[in-house]
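Proteins come first, then strands; the chains are lettered A, B, ... in the order of their sequence lines, and each starts at number 1. The analysis underlying the following values was restricted to heavy atoms, covering all of them including side chains, and did not include hydrogens, waters or symmetry mates.
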Amino acid sequence: MGYFVDTLNSIGATVRNFLRPPVTVNYPAVIRPRPERYHTSFALLHDAPGDELCIGCLACERICPSFVIEIKQAPKRESPVTGKKRGYVEAFTLNLTACIGCELCVQVCPTDALVMLRTPEKPAFCREDLILDVKRLYANEKEKQAAWATGSRLIEMQDPNVGQPKVEKKPAPVAAAPAPAVTPVAASTPAAAPAPVAAEPAAAASEPIKGAS
Amino acid sequence: MIFAASLAAAVVIVVLSATALALWYERKLAARMQTRIGPQFVGPIGLFQPVADLLKLVQKEEIVPMGADRVLFALAPPLTVIFALAAAAFVPLWPGVAVVRSDVGVLLVIGFGGLAMVPVWMAGWASFNKYALLGAMRAVAQSISYGVPLVLAAMVPVILAGTMDLDGITQFQATHHWFGLWPIIPGLPAFILFLLAMLAESNRIPFDIPEAESELVAGVTTEYTGMQFGFVYLAEYVHTVVGAAIGSVMFLGGWDGPFAPGLHWLLLKTLCLFTFIYWIRWTLVRLRADQLMTLCWKWLVPAGLGLVFLSAAWNQTGWSR
Amino acid sequence: MDGSWFGFLAFLLVSVISVGGLIVAAKVLGVRARGKSLLKERTYECGEEAEGPAWIRFHPRYYLVALFFVLFDVEAAFFFPWAVAEKTLGWNGLASIALFTGVLLLGWWYAVKKDALRWQ
Amino acid sequence: MAVIEEPRSYFHPLYDVMLSTPGLSVGVAPLDRLLTWGLKNALWVFPMATSCCGIELMASAAARVDLDRMGTIMRASPRQSDVMVVAGTITVKMAPRVRRLWDQMPEPKWCIAMGSCAISGDFYRNLYPVVPGIDTFIPVDVYVPGCPPNPEALMHGLMRLQEKIGLQREGKLVPSEPRPDFDAMVRPPALSRIGDAARAADLSDRQEQAALTMCPDAAPGVVEDEEKGFAQPATQATPPLNTELVELLRDRFGVTEFPLNAPPVVSADKHLELAATLQKMGYRQFLFVAASHRPAKEGSEDLCEVAYGLRTVGAGTKEAIWQVRVPTNQTVPSLVPLFAGADWQEREQYDLVGVKFAGHPDLRRIMMSDDWVGHPLRRDYPADKECAPWR
């Protein structure tokens with residue numbers, strides 16, 4: 001008898017599903033909105049005056065758990081924009097075939113040069129097509145949409161003082177402390193966008209707390 | 001003679017093309033029940049999907065596994081289609097017209113339905129594959145078990161109409177009442193019993209343990225490639241389409257309908273029954289083998305016997321005249 | 001009646017032709033592999049080498065099912081002549097077939113009690 | 001980006017006949033267009049899912065990204081599939097099975113490598129049991145990058161495959177030219193590179209330093225950061241000594257040393273007797289056997305340490321752990337006659353460390369494939385060895 005009742009119930013369920021509009025997102029025509037931090041491929045960036053941001057410090061190469069980045073440093077030379085002497089890369093090879101998408105390389109980048117992209121990489125016909133060299137990384141900057149995360153944003157995001165819901169009653173001494181003191185990397189690159197953008201994920205994170213209270 | 005031959009040809013072609021359409025229809029239906037869209041890119045609203053499938057299946061390489069019985073292996077899939085089709089010859093299309101009008105139509109239809117198990121067994125045996133053999137064994141055990149309630153359910157319209165001629169049964173329904181609706185007590189349960197047994201005969205969900213994917217890969221079809229697999233796939237749908245047609249003839253009055261009795265009513269009823277069958281298919285989960293057998297032998301067989309006696313008693317009351 | 005069975009022959013012929021046409025199409029349009037692979041023709045067993053012959057022994061429960069089917073289906077076949085003539089036979093015919101079925105159901109009851117109908 | 005065509009592994013006999021017949025050769029092109037259309041739009045997938053990418057593969061057939069829209073359904077048997085989607089890490093032991101399933105698929109067939117592990121072995125690619133990319137043993141048509149790629153990416157991969165089938169028909173695929181050398185573009189990863197002379201000379205020193213900083217206990221010299229205050233690792237309470245075992249070992253087995261952080265060493269010839277005694281004393285549950293290898297240094301020979309653990313059953317359970325040290329080429333008496341549970345565990349230790357157990361009924365490899373050479377968890381096993389036993 002229970003089976004019979006369950007049968008009727010499940011038949012009802014399929015009818016209800018039948019009458020509902022399909023949840024399918026019509027993929028190639030419509031692309032499901034990707035989250036801000038959706039990340040797949042990579043790009044190297046230029047700064048506003050047009051100089052390459054990457055200084056060839058090897059931080060990303062060393063932190064990569066999967067050993068996919070390989071950098072060949074160029075000799076130090078003067079920047080055409082600022083005139084100061086700084087490092088450059090001669091070759092930057094990113095082997096996307098073995099990337100695990102952990103975003104650690106973006107996180108350690110001191111100059112916010114390496115970012116991940118929200119536009120996915122095209123599935124390739126051969127393995128070699130998935131190796132991003134300097135040319136492709138700089139081309140990706142122009143062609144594709146970057147993800148939210150940059151090195152400085154990620155570090156600011158981890159700062160407990162940024163983006164907390166303001167508690168007006170008792171201004172705690174911790175909240176009064178200036179944020180940049182704990183984030184030396186962010187402090188050293190003032191070019192990175194500070195508070196308003198960085199507050200975004202933290203605000204998003206605080207949403208469930210609001211809903212719960 | 002020429003009329004009979006052309007009618008036969010027309011029925012075969014219509015059934016086969018209806019089956020192709022049914023492939024598309026079923027995929028769309030299933031998709032909508034799972035809040036998906038289903039075939040969409042191939043032709044308008046995915047209508048050419050069966051064509052693409054057919055074209056692909058035709059091109060695939062044929063592989064005969066080592067150690068297989070080559071003759072049986074090659075013969076079984078086409079035979080499944082032919083046997084599944086054969087029952088369609090007895091369906092009355094419009095008043096007084098069927099490809100074959102036989103006085104024992106009901107028996108023949110059930111006989112051809114049962115015969116469809118022979119190539120399945122052949123395929124399972126010839127594949128030289130344990131999954132295929134297990135699948136075939138289960139299919140045959142299940143099919144012959146459910147043969148008994150099927151016969152008993154089919155006997156109810158025979159008793160009520162007093163004839164085994166399918167056209168006679170339809171005419172009786174046209175002049176009196178549809179057996180699926182009236183008399184409600186032996187009629188409606190017998191109709192449900194018939195549908196259940198027919199689902200089980202054609203190995204569809206919820207009675208599809210012969211090709212339970214999680215246990216038996218693809219059942220009897222495990223070793224079949226390309227068009228050989230296509231035949232078995234096709235035969236399943238032909239079986240369901242023809243089964244739905246026979247169900248509508250025996251219980252829903254076949255060609256009978258208001259305004260103008262004829263073929264369109266038969267097609268409409270078949271479509272409704274087909275939809276109902278696939279609705280069930282995409283709703284229910286698979287029964288376990290022991291539940292399946294228990295359901296058949298402990299419940300459906302005595303229920304079928306009871307329905308037979310109830311319908312006989314209904315006849316004797318004289319209310320049907 | 002003759003024309004009717006001619007129709008059935010035509011029916012079978014057309015279905016054989018259409019199925020045969022598909023077979024021929026598959027033979028003509030089908031591709032062939034360039035090299036012969038021994039692995040390809042091995043029986044599929046989830047990527048493993050098949051162990052032993054595929055024609056294995058089966059549980060006797062299948063045999064039981066076959067026996068029951070023979071019993072009940074033969075009885076059901078006896079029902080049909082009665083079913084057609086039921087209207088004319090009347091209560092008398094009903095009583096006699098009920099006796100017959102009663103004996104059958106007694107056997108069924110015995111089988112249920114003996115647990116023979118359980119799929120072991 | 002060159003689109004490279006591998007030599008096709010199948011042919012159309014009909015095309016050959018039509019092309020050689022004068023009047024019919026015109027029909028080849030439209031016929032091919034029709035047949036290719038059929039092939040493109042009914043790609044049935046054989047899911048070769050071994051790990052996390054398999055979840056995304058399943059999701060791609062579900063309602064959100066419904067692969068059925070493009071006519072793709074999953075078939076459980078390779079005989080009815082057109083595309084093998086390899087989703088997940090393929091180990092050396094799995095590779096022959098994948099190869100066999102690939103061979104069992106009928107022509108024409110394609111392969112999609114889904115996710116980093118299938119493409120290149122990902123960060124397991126220099127590990128001994130992992131195949132560095134499935135294209136080392138089966139031809140791959142489309143590589144879908146990601147770890148794992150999401151369902152849309154797989155659908156994109158299938159569309160790229162359709163594109164490739166189309167390109168093949170139009171003859172736009174470049175006939176097999178020498179491929180760019182993958183190895184020249186990417187150097188072999190990992191461990192060997194740390195000792196690379198061209199790299200920063202102090203890299204390994206710095207890594208060591210970093211590791212020490214993380215664990216101040218190990219390096220007494222490291223000054224603690226006062227502000228951040230490295231959390232002191234909680235001092236581990238030493239497990240209560242099993243006095244029963246200590247007495248037994250001291251009195252009957254002549255063991256004198258009972259170090260706090262290592263099990264007592266029992267000589268190999270008395271080891272079986274000890275186990276039997278303990279079993280009679282109520283240690284009826286076999287806990288573990290764990291072996292490790294100590295390469296020869298000056299003053300000591302090549303050793304295998306095999307630790308055994310037993311436990312009493314029920315409330316107030318006690319554990320008895322001891323170890324046996326033997327030179328690598330000698331045998332350790334097996335505990336299988338006493339504890340059936342030791343069977344597979346000893347096989348595992350034999351397989352990975354190479355300890356030989358005397359009296360084991362079935363001492364075969366259990367994890368690595370049967371034709372594997374060497375024991376991968378030995379210290380002298382080359383860790384970054386190129387491994388391709390399937391070749």
field: Greater than 12 external heavy atoms within 6.0 Å of D/Met367's CE
entry: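 Not more than 12 within 6.0 Å, no.
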field: Over 12 foreign heavy atoms within 6.0 Å of OH, D/Tyr124
entry: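 12 or below, so no.
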message: With a 4.5 Å cut-off on side-chain heavy atoms, are D/Gln104 and B/Pro65 touching?
response: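 Contact flag for B/Pro65/D/Gln104 side chains = no.
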message: Within the 4.5 Å heavy-atom criterion, are B/Arg27 and D/Ile73 side-chain neighbours or not?
response: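 The answer is yes, as the side chains (C-beta and beyond) meet within the 4.5 Å cut-off.
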message: Pair D/Lys109, B/Glu61 - check side chain to side chain contact (heavy atoms under 4.5 Å, CB included), show working.
response: CA-CA 10 Å; D/Lys109 59 189 170 187; B/Glu61 181 194 0; over 6 Å; no
- request: Measure distances from D/Leu67 to the heavy atoms of chain B and classify the residue's part below 4.5 Å as side chain, backbone, both or neither.
  value: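 Looking at D/Leu67, nothing touches chain B.
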Region of [X] in contact with chain D, defined by heavy-atom distances below 4.5 Å:
| X | result |
| --- | --- |
| B/Leu57 | side chain |
| B/Ile37 | both |
| B/Gln34 | backbone |

- prompt: Just checking heavy atoms, which of residues 41-56 of chain D are less than 4.5 Å from chain B?
  reply: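 Listed by number, the contacting residues are D/Asn41, D/Ala42, D/Trp44.
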message: With chain B as the partner, which of D/Val65, D/Thr72, D/Asp82, D/Leu34 has the greatest number of non-hydrogen pairs under 4.5 Å?
response: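 With the most close heavy-atom pairs to chain B, the winner is D/Asp82.
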message: Can a donor-acceptor pair be found, under 3.5 Å and without considering hydrogens, that links the side chain of B/Gln40 to the backbone of D/Met70?
response: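 Answer holds: no.
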With rounding to the nearest 0.5 angstrom, report the [atom1] to [atom2] distance, [X] to [Y].
| X | Y | atom1 | atom2 | result |
| --- | --- | --- | --- | --- |
| D/Leu35 | B/Leu55 | CG | CG | 6.0 Å |
| D/Met159 | B/Phe41 | CE | CZ | 4.5 Å |
| B/Ile63 | D/Arg79 | CD1 | CZ | 5.0 Å |
| B/Thr35 | D/Asp66 | OG1 | CG | 9.0 Å |
| D/Ser77 | B/Tyr131 | OG | OH | 10.5 Å |
| D/Thr36 | B/Lys56 | OG1 | NZ | 14.5 Å |

- request: Check step by step if side chain to side chain contact (heavy atoms under 4.5 Å, CB included) holds for D/Gln80 and B/Thr225.
  value: CA-CA 5 Å; D/Gln80 293 135 27; B/Thr225 63; over 6 Å; no
- prompt: In terms of heavy-atom pairs under 4.5 Å, which option from B/Gln49, B/Lys60, B/Glu62, B/Lys28 contacts chain D the most?
  reply: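 Greatest number of close heavy-atom pairs with chain D: B/Lys60.
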- prompt: If you tally heavy-atom pairs under 4.5 Å against chain D, which of B/Phe229, B/Tyr224, B/Phe48 wins?
  reply: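 Among the listed options, the one with the most contacts to chain D is B/Phe229.
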